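Each remark here refers to the structure printed beneath this line.
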Amino acid sequence: MNVRVRYAPSPTGLQHIGGIRTALFNYLFARSQGGKFILRIEDTDRERFDPAALQDIYDSFAWLGIRWDEGPDKDGPHSPYFQSERQSSYEAAAQELIESDHAYECFCSSERLEALRAEQSKGKSSVQGYDRRCRDLSDEEREQLRRENPNPVVRFKTPLEGDAVFEDMLLGRVKRKNRDINPDPVLLKSDRFPTYHLANVVDDHTMEISHVLRAQEWLPSTALHILLYRAFGWELPVFCHLPMVMGKDGQKLSKRHGATSLIEFRRRGYLPEAVINYVALLGWAYDDSREFFTLGELEDVFDANKLNKAPAVFDYTKLDWFNGNYIRECDDARLLSLLAPFVEEAGISADADQLQQALPLIKERMKRLEEAPELLGFLVGDPAEYPVEDLIPKKMDAAGTIDVLAGVLGLLDGLSTRSDEENEERFRALAEGLETKLGNVLMPLRVAVTGSKVSPPLFGSIKLIGEEAARARVDAAIQKLKSTLG
Ligand code: GLU
């Protein structure tokens, strides 16, 4: 079988991480089968169309390094790949269904439909949705109504009996009673634009899509799509409804849980390889142990038989963990260029040399690139204002901390020339002399030098800013502590 799959986003909003997962699985499925991956833009909802959302589709996949074989910006045998440019094929398809008695024109005014909805919502009617008033009009009635309303919509004649049945690649046999499908949904609107259902089915057929991999939220639509394929007399593609992506609370992933659009993840400093790696594991696993995959490796090992039915839980902490790993693996030149916009935006005027030297220190600590400015800030100027209490270790007071820092001053001389082990040895001896723990010596020093309790490795940081600057900062900390003693 010629495998052809598609990602079919509607450019109405920013690319959601769930959509990225759908696209990635389609792409990997195509690659694993030697097939083609197609991008089709489902832009028939002209009111909600947003050019920025279209641009976001291009930008997102360029950033991820995922390319389609056919798409709007890459010609193929079934162009155009914008649904808005395929209008005539939908009109022809709707006409075909009218002629084969699978669809009909509906002349009901929006006022009538509104009133019907209002009545149904009051619970006065046992039927929900369209009441099929125009389904069985006589030819004369139709003629008459057409004179009054020359722009009817076209509705599908949902069969009243029977079931929509199909075999899902992941879920197995899926069956839905035709009676439970939305009664006679609109296929072609009065502006002659198709609805999602018609355009989607017509294009999947015309573009010879062999497999439809999409999120489980589309499952209710698929029942209707099955009926449409039957009405046209077309062969069904293989459907595969991917598990939903949930937050930790079991609810569909949404803004309440954290970032959801790809652009937000980019802005927070996730690397594309971390996003790809993590997203690939949302509903798919290679085996019980291996977690790290590059895009290229995924292309080789992806196997749709290993998709999971159960909902996938989006774990931000795990994504951070992946990202931290990829940051550590990133080569310095690339990391520096990735960091540049974050550093610049934070107004840190470090030169390339300073950044280069600081890199090994912060590389170990960062989970997201957005953390870099905070980690780097102390390198290029005095630490930001910090609360004096931050200097004082637990179970110690200001006077005791002054003694510690006074002792520390004696160890700064020559610190840069000694190894970390040697330095640690000396600070340990100081702590013993003061009858306290090493941590109670290093913590006030860390806050004095960097302004924060979490910082890049301490000795490395002092070497970078220089012993003199470190001494000045420790002095300033001592003054700060003294001022609390009155
Ligand atoms: N345009 C639909 C969307 O926005 C496509 C759904 C499908 O894959 O059929 O997701």
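A quick note: this is a predicted structure, and the numbers were derived from the prediction, not measured.
Geometrically, Lys453 does not engage Tyr386 in a cation-pi contact defined by less than 6.0 Å to the ring centre and at most 45° from the axis. Geometrically, Arg268 does not engage Phe265 in a cation-pi contact, judged by NZ or CZ lying under 6.0 Å from the ring centre and within 45° of the ring axis.
Between Asp315 and Tyr278 the shortest side-chain heavy-atom distance falls below 4.5 Å. Between Glu371 and Arg365 the shortest side-chain heavy-atom distance does not fall below 4.5 Å. Inter-residue side-chain proximity for Lys463 and Asp420 is flagged as met; some heavy-atom pair is nearer than 4.5 Å. With a 4.5 Å cut-off on side-chain heavy atoms, Thr44 and Thr195 do not count as touching. Taking the side chain as every heavy atom from C-beta outward, Val245 and His16 never approach each other to under 4.5 Å. Using a 4.5 Å heavy-atom threshold, the side chains of Lys363 and Pro456 count as separate.
A perpendicular orientation is assigned to the rings of Tyr286 and Phe293, their planes being inclined by more than 60° (bins at 30° and 60°). In this structure, Phe459 and Phe427 have tilted ring planes: the angle between them lies in the 30° to 60° band. Taking the six-membered ring for Trp and thresholds of 30 and 60 degrees, Phe302 and Phe25 have ring planes inclined between 30 and 60 degrees apart. Using the six-membered ring where Trp is involved, Phe61 and Tyr7 have ring planes that are perpendicular, over 60° apart on the 30 and 60° scheme. Classification of the His225-His197 ring pair by plane angle, with boundaries at 30° and 60°, yields perpendicular.
Look at Arg40 and Asp204 and you find a salt bridge, because one of the NZ, NE, NH1 or NH2 atoms lies within 4.0 Å of a carboxylate O, short of that distance. Between Glu432 and Arg428, none of the side-chain N atoms (NZ, or NE/NH1/NH2) sits under 4.0 Å from a carboxylate O, so this pair counts as no salt bridge. Salt bridge status for Arg471 with Asp413: present, with a side-chain N to carboxylate O gap under 4.0 Å. Here Lys189 does not pair with Glu47 in a salt bridge; the nearest charged N to carboxylate O distance is not below 4.0 Å. Between Glu42 and Arg6, none of the side-chain N atoms (NZ, or NE/NH1/NH2) sits under 4.0 Å from a carboxylate O, so this pair counts as no salt bridge. A salt bridge is absent between Arg267 and Glu345; no separation between the charged side-chain nitrogens and carboxylate oxygens falls under 4.0 Å. For the pair Arg31 and Asp69, the salt-bridge criterion is met [side-chain N within less than 4.0 Å of a carboxylate O].
Here the straight-line distance linking atom NE2 of His211 with atom CZ of Phe29 works out to 4.0 Å at 0.5 Å rounding. Here Leu335 contributes atom CG and Ser337 contributes atom OG; the two are 8.0 Å apart, rounded to the nearest 0.5 Å. A distance of 5.5 Å separates CG of Leu170 from CG of Leu307, quoted to the nearest 0.5 Å. With rounding to the nearest 0.5 Å, the separation of CE in Met396 from CE in Met443 is 9.0 Å. The line from CD1 of Ile327 to CG of Leu339 is 7.5 Å long, rounded to the nearest 0.5 Å. Glu385 contributes atom CD, which lies 11.0 Å from atom CG of Asp390 (distance to the nearest 0.5 angstrom).
Residues Asp320 and Tyr270 bring a donor and an acceptor atom of their side chains to less than 3.5 Å of each other. A donor atom on one side chain and an acceptor atom on the other are found under 3.5 Å apart for Glu70 and Tyr81. Donor-acceptor pairing under 3.5 Å is recorded for the side chains of Thr222 and Arg214. One side chain, Asp59 or Gln55, offers a donor N or O that lies under 3.5 Å from an acceptor on the other.
With sequence neighbours excluded, the residues that form a side chain to side chain donor-acceptor pair (under 3.5 Å) with Glu264 are Ser261. Residues satisfying the side chain to side chain donor-acceptor pair (under 3.5 Å) test with Asp203, not counting sequence neighbours, are Gln83, Arg86, Tyr90.
Of the residues Ile362, Leu336, Leu379, the one that meets the side chain to side chain contact (heavy atoms under 4.5 Å, CB included) test with Leu355 is Leu336.
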Identify all side-chain donor-acceptor contacts of residues 397-411 below 3.5 Å with residues at least two apart in sequence or on another chain.
{"residue": "Asp397", "atom": "OD1", "partner": "Ala399", "partner atom": "N", "Å": "3.4"}
{"residue": "Asp397", "atom": "OD1", "partner": "Gly400", "partner atom": "N", "Å": "2.8"}
{"residue": "Thr401", "atom": "OG1", "partner": "Asp397", "partner atom": "O", "Å": "2.7"}

Checking Glu425 against Arg418 for the side-chain contact (heavy atoms from CB on, under 4.5 Å) test, could you report, in this order, the C-alpha distance in whole Å, the side-chain angles of both residues, the deciding distance, and whether it holds?
CA-CA 11 Å; Glu425 207 44 53; Arg418 292 190 285 267; over 6 Å; no
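Counting non-hydrogen atoms of other residues, nucleotides and ligands closer than 6.0 Å to NZ of Lys367 gives a total of 12 or fewer.
Using modelled atom types, one side-chain atom of Arg290 and one backbone atom of Phe292 make a donor-acceptor pair closer than 3.5 Å.
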